Amino acid sequence: MKKPLITLSLSALAFVSHGACAQAQSNTLDAALKKSEPNVIEWRRHIHQNPELGNREFETAKYITQHLKALGMEVETGIAHTGVVGFLKGGKPGPTVALRADMDALPVTEQVDIPFASKAKTQYNGEEVGVMHACGHDTHVAMLMGAAEVLAGMRDELAGNILFIFQPAEEGAPDGEEGGAELMLKEGLFKKYKPAVAFGQHVTSSLPSGVIGYRSGPLMASSDQFKIHVHGRQTHGSRPWGGVDPITASAQIVMGTQTLVSRQIDITKEPAVVSFGIIDGGVRNNIIPDSVYMNGTIRNFDMDNRQEIFKRLKVTAEKIAEASGAEAKVEILEGYPVTVNNPALTEEAIPALKAAAGDDKVIVIPKITGAEDFSFFANEIPGFYYFLGVTPKGKDPSTAASNHSPQFYVDESALKIGTKAITQLAIDYLDRQKNQ
């Protein structure tokens with residue numbers, strides 16, 4: 001009995017061919033990433049040991065620029081003061097993918113016992129302070145430098161271009177200055193390079209090392225500041241009727257504004273938070289002062305709700321003060337908008353995350369009331385932002401020192417996963433566009 005001939009249709013042959021090519025590409029990528037891993041760690045340690053505050057990342061920018069130029073990229077510097085952009089043109093036509101890392105450190109004195117701990121000091125708000133990469137931006141830069149090295153090595157195979165964005169001042173520009181993602185856009189970054197999508201990542205101590213956390217839709221809150229000046233009329237504390245008490249009015253404003261979220265905003269839509277951080281008034285126990293100053297923050301996950309909270313906060317403070325015979329002046333300083341992950345792009349990104357971390361180490365995380373100025377990029381074009389855990393095995397992420405802590409610690413073994421994730425996201429996106 002003759003054995004039947006094994007035949008493949010053209011479509012099956014194409015599938016096999018595509019699968020073989022994909023596997024070959026994967027093997028090449030893994031080899032390049034493995035070769036780059038020691039460099040990523042070295043770059044991270046150098047940047048960690050030499051941190052710089054927002055809009056002052058001069059040496060960091062030089063370090064990045066030297067690397068990108070050595071890779072043969074078109075490099076632009078001085079964007080939004082100290083920002084650096086590398087443009088990698090692929091060997092085949094296609095869209096441009098933006099990959100972003102933030103560069104700035106914080107005015108924090110490091111307490112981590114590592115050989116490359118920061119000893120840097122600088123002036124901040126008129127005081128000498130320590131400087132530390134307490135939020136992990138050193139790792140973001142190093143991982144994107146690694147991605148640049150790997151992607152530059154396969155530029156001929158890329159059906160499109162990569163825009164590497166090294167952004168200053170994510171933590172906010174110094175008082176009186178502009179900065180960050182918003183200023184980069186204002187200066188025409190996206191108009192010039194026209195990226196189709198943007199990807200970004202952030203390390204976190206709230207996840208175990210190597211675990212990637214993401215969610216579709218609103219991920220991080222908007223962050224806005226409010227200032228309230230309550231003006232009364234000074235009098236002796238024994239005769240409150242002889243003046244207008246701004247302290248009592250301020251206390252009523254604090255309590256009244258708590259009903260904004262609980263009674264006036266539809267919290268079935270998205271959660272929101274209104275918190276006071278400063279109340280300052282008076283100099284003596286028996287003198288009712290002329291005025292009280294209050295300052296606080298608004299966090300929210302819906303841009304329409306955001307505007308509604310602004311409006312209602314102003315009305316609430318003004319009317320409560322008026323009822324007491326006082327006057328309230330409310331100033332709202334808009335900060336970062338809601339960071340929203342494009343749902344379609346999020347769904348497409350999951351395979352890349354799993355290829356980097358493993359199927360069981362890619363999880364959906366809750367909304368985060370912290371804020372990120374990657375949100376400005378994601379407001380302009382479809383964006384996807386995710387978190388990479390860096391708390392070492394054996395330590396509980398729920399009790400690990402958080403980002404912004406002087407004891408914030410990064411397990412460097414996670415960096416290879418972050419480097420692969422951001423690299424794979426770019427490759428997969430360009431491949432999808434080519435095959436559509």
Side-chain angles (χ1 to χ4, degrees), residues 44-45 47-57 60 100-114 116-125 127-143 167-175 179-181 200-209 211 213 219-225 273 275-278 295-299 335-336 339 365-375 385-392 395-412 414-415 418:
R44 183 259 164 163
R45 292 182 177 184
I47 296 166
H48 187 89
Q49 204 165 19
N50 298 276
E52 296 171 297
L53 297 181
N55 281 2
R56 305 292 185 270
E57 307 95 335
T60 306
R100 175 269 204 170
D102 37 11
M103 307 191 299
D104 53 325
L106 288 159
V108 173
T109 301
E110 182 156 16
Q111 297 176 8
V112 183
D113 185 15
I114 49 177
F116 52 93
S118 169
K119 307 297 183 187
K121 293 187 180 299
T122 192
Q123 291 292 313
Y124 182 76
N125 287 341
E127 296 183 20
E128 186 177 73
V129 295
V131 187
M132 176 189 175
H133 272 292
C135 202
H137 296 184
D138 52 334
T139 69
H140 304 167
V141 172
M143 287 186 287
Q167 179 212 304
E170 188 281 325
E171 300 290 354
D175 288 345
Q201 64 179 339
H202 202 301
V203 295
T204 178
S205 64
S206 64
L207 292 172
S209 183
V211 171
L219 170 69
M220 300 185 74
S222 58
S223 173
D224 305 293
Q225 182 184 174
V273 174
S275 295
F276 287 79
I278 299 173
N295 191 311
T297 187
I298 302 167
R299 303 298 170 111
Y336 299 164
T339 302
I365 57 175
K367 294 183 177 74
I368 296 168
T369 48
E372 237 292 345
D373 77 344
F374 180 85
S375 53
Y385 195 79
Y386 59 95
F387 286 87
L388 172 67
V390 291
T391 291
K395 289 194 175 181
D396 184 353
S398 67
T399 59
S402 66
N403 295 56
H404 287 220
S405 164
Q407 297 175 347
F408 177 68
Y409 179 81
V410 170
D411 175 13
E412 292 179 331
L415 303 189

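None of these values were measured; they are calculated from a predicted model.
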Enquirer: Does a sphere of radius 6.0 Å around CD in Gln123 hold more than 12 heavy atoms from other residues, nucleotides or ligands, not counting ones at 6.0 Å or beyond?
Expert: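 Yes, enclosed.
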
Enquirer: Please report the closest heavy-atom contact between Ala371 and Ala221, naming both atoms and the distance.
Expert: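 Reported closest heavy-atom pair: CB-O, 3.3 Å.
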
Enquirer: Just so I know, are the side chains of Arg299 and Ser222 near enough to count as touching, which here means a heavy-atom distance under 4.5 Å?
Expert: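 Not in contact.
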
Enquirer: Are there over 12 heavy-atom neighbours, none belonging to Lys367, within less than 6.0 Å of that residue's NZ?
Expert: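 Atom NZ in Lys367 is crowded, with more than 12 foreign heavy atoms closer than 6.0 Å.
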
Enquirer: Angle class for the His202/Tyr385 ring planes (parallel below 30°, perpendicular above 60°, tilted otherwise)?
Expert: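 Plane angle over 60°, so perpendicular.
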
Enquirer: Side-chain contact, heavy-atom cut-off 4.5 Å: Asn403 with Cys135?
Expert: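 Yes, their side chains come closer than 4.5 Å.
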
Enquirer: Counting heavy atoms not belonging to Asp113, are there more than 12 under 6.0 Å from its CG?
Expert: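 It does not: Asp113 CG has 12 such atoms or fewer within range.
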
Enquirer: Any sub-3.5 Å donor-acceptor pair from His133's side-chain atoms to His48's backbone N or O?
Expert: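 Not at all, since once roles are kept as given, no pair shorter than 3.5 Å links the two residues.
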
Enquirer: Is it true that a side-chain atom of Ser205 and a backbone atom of Ala401 form a donor plus acceptor pair closer than 3.5 Å?
Expert: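 Yes, Ser205 side chain to Ala401 backbone: donor-acceptor pair under 3.5 Å.
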
Enquirer: Taking atom CZ as the centre, does Phe276 end up with more than 12 heavy-atom neighbours from other residues, nucleotides or ligands that are less than 6.0 angstrom away?
Expert: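 Yes, because the 6.0 Å sphere around CZ of Phe276 holds more than 12 heavy atoms from other groups.
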
Enquirer: Heavy atoms, side chains only, cut-off 4.5 Å: are Met143 and Leu388 in contact?
Expert: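 Result yes, sub-4.5 Å side-chain heavy-atom pair found.
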
Enquirer: When you measure from the side chain of Glu52 to the backbone of Thr60, do you find a donor-acceptor pair of N or O atoms at a distance under 3.5 Å?
Expert: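 Yes, Glu52 side chain to Thr60 backbone: donor-acceptor pair under 3.5 Å.
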
Enquirer: Do you know which two heavy atoms are closest between Ala173 and Gly179, and how far apart they sit?
Expert: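 For Ala173 and Gly179, the tightest heavy-atom pair comes out as CB-N, 3.8 Å.
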
Enquirer: Between Met132 and Leu106, is there a side-chain heavy-atom distance shorter than 4.5 Å?
Expert: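 They are not in side-chain contact.
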
Enquirer: Hey, does Val131 have a side-chain heavy atom less than 4.5 Å from the side chain of Tyr124?
Expert: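 Not in contact.
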
Enquirer: Would you indicate whether the side-chain heavy atoms of Pro406 and Val108 approach each other to under 4.5 Å?
Expert: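 Touching, per the 4.5 Å side-chain cut-off.
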
Enquirer: Let me confirm one number: the CD-CD distance from Gln167 to Glu57, rounded to the nearest 0.5 Å.
Expert: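 So the gap between those two atoms works out to 9.0 Å.
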
Enquirer: Looking at every heavy atom in both Ile365 and Ile368, which two are closest together, and how far apart are they?
Expert: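 Here Ile365 and Ile368 meet closest at CD1-CD1, 4.0 Å.
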
Enquirer: Might you point out which heavy atoms bring Gly180 and Ala169 nearest each other, and give the distance in Å?
Expert: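 Between these two residues, the closest heavy atoms are N-CB, 3.7 Å.
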
Enquirer: Does any non-hydrogen side-chain atom of Asp102 lie less than 4.5 Å from one of Phe374?
Expert: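 Counting from C-beta outward, Phe374 and Asp102 never come under 4.5 Å.
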
Enquirer: Using every non-hydrogen atom in the two residues, find where Val112 and Phe408 come nearest and quote the distance to one decimal.
Expert: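 Here Val112 and Phe408 meet closest at CG2-O, 3.4 Å.
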
Enquirer: Decide yes or no for Arg45 and Glu412: does some side-chain heavy atom of the first lie under 4.5 Å from some side-chain heavy atom of the second?
Expert: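 Arg45 vs Glu412: side chains touch.
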
Enquirer: Determine whether a donor-acceptor pair (N or O, by modelled atom type, separation under 3.5 Å) exists between the side chain of Asp104 and the backbone of Glu171.
Expert: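 At least one qualifying donor-acceptor pair exists.
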
Enquirer: Given 3.5 Å as the limit, does a donor-acceptor pair link the side chain of Asp138 with the main chain of Ile47, or not?
Expert: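 Checked: no pair found.
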
